[in-house]
Visitor: 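Below is one structure. I have some questions about it.
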Amino acid sequence: MRFEAWKGHVDLLVLAVLEREPAHGYRVVDALRERSDGVFDLAEGTVYPALYRLERSGLIRNRWQEVDGRRRRIYRLTRRGATALRQRRTGWYAFADAVGSVLS
Amino acid sequence: VIESYLAELARRLPPACRRRFLAETEAHLRDRTAALVAEGLEREEAETQAVTSFGPVEAVASTIAEAYSAHVTRRAAAVVLGALILLVLPFYGIPENTFGPAQWDAKPTAITVAQIVAGILWLGALGTAAGAMLVAFVDRFRVARLLVTSAVMLATASFAAAAVGAALWLDAAPWTPLWSMFGLMLPAAFGSLGLALAALAWLRAAALQ
């Protein structure tokens, strides 16, 4: 899928991935690909700026941690991030329903 | 392959966030390479594929710079607003006779004018900086940068007017103790420093666009 098409939704998708469990960037990329059945087969490098942006907004935080013998920056949702995810998810479903209604 | 990709990325990234993104990029590329090697690819082929999946170095660097620039713009707006409120406000808030009262019957008009002009410019800078904060938080970064610049210029003009006022004061009342004038100028000096730092941060952000 072209990056431009989902760029506007990348923050929501990353938050949704981190809602299940804390993860490092590589895992986030894999989870996006797996959970979208390969549709979000994005340029992997674009996930890191999104993680940085979310962290600066206080929606996620990170901590260096040893995983499989390597030091990783593990990201997890903050309370604010969980609230933002709930709100954005509700907004998205309302939007998707409206588009679905028009298309059908 | 990975090393040359990282070197190219390092060349294009803003220095302030280079280390962080290089460390994450390297960890990611090593992980992807290891996964591809485990699937049966030769190491060099796996590295090439890992780098390709990560994305063209120009695009990755530009997306990172965009995210970093947004952060810097927000911070610059916050620093300008904070400097104006915390450090410069006392300069205008201190009653003028707190330090060594001037012994004159009627204050010269020129001093009053300089003080009023400085105050108006400071209020303008404060309003503009507050506007920059609001605009930056709704992701209108170009407008935010314009407002940050305007706020810094207004604040600089305000300091200049205040300095003229102080010089006129010393000229009209040479018996005013110098330490009192320094006391008055100190918050403004700190404010100037804060604003200069913010302007520097802004310039860095603008350079990334």
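Here is the naming used below: chain letters follow the sequence lines, and residue numbers restart at 1 for every chain. Only this structure's heavy atoms are used, side chains among them; waters, hydrogens and symmetry mates stay out.
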Visitor: Looking only at atom types and distance, does a side-chain atom of A:Thr78 sit under 3.5 Å from a main-chain N or O of A:Gly58, one as donor and one as acceptor?
Guide: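 Yes; at least one donor-acceptor contact below 3.5 Å.
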Visitor: Just do the side chain to side chain contact (heavy atoms under 4.5 Å, CB included) check on A:Leu59 and A:Arg88 with the steps written out, would you?
Guide: CA-CA 12 Å; A:Leu59 303 183; A:Arg88 290 184 195 189; 3.6 Å; yes
Visitor: Which of the residues A:Arg72, A:Arg71, A:His24, A:Arg27 is involved in the greatest number of heavy-atom pairs with chain B at under 4.5 angstrom?
Guide: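 Most pairs with chain B among the choices: A:Arg72.
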Visitor: Decide yes or no on side chain to side chain contact (heavy atoms under 4.5 Å, CB included) for A:Arg76 and A:Leu18, but give the supporting numbers first.
Guide: CA-CA 6 Å; A:Arg76 64 182 67 235; A:Leu18 293 175; over 6 Å; no
Visitor: Please look at B:Ala23 and chain A and tell me whether the side chain, the backbone, both or neither of the residue comes under 4.5 angstrom of a heavy atom of that chain.
Guide: side chain
Visitor: Of all residues at least two apart in sequence or in a different chain, which pass the side chain to side chain donor-acceptor pair (under 3.5 Å) check with B:Arg20?
Guide: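 In terms of side chain to side chain donor-acceptor pair (under 3.5 Å), with neighbours along the sequence ignored, B:Arg20 is linked to A:Glu55, A:Tyr75.
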Visitor: So what's closer than 4.5 Å to chain A heavy atoms on B:Ser53: side chain, backbone, both or neither?
Guide: both
Visitor: Report the C-alpha separation of B:Val60 and B:Phe21 in whole Å, then their side-chain angles, then the decisive distance to 0.1 Å, and conclude whether the side chain to side chain contact (heavy atoms under 4.5 Å, CB included) test is met.
Guide: CA-CA 10 Å; B:Val60 171; B:Phe21 282 106; over 6 Å; no
Visitor: Under 4.5 Å heavy-atom distance to chain A, tell me which part of B:His28 shows up: side chain, backbone, both or neither.
Guide: both
Visitor: What residue in B:Arg74, B:Arg30, B:His71, B:Arg32 has the most heavy-atom pairs under 4.5 Å with chain A?
Guide: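 Of the candidates given, the most pairs with chain A belong to B:Arg32.
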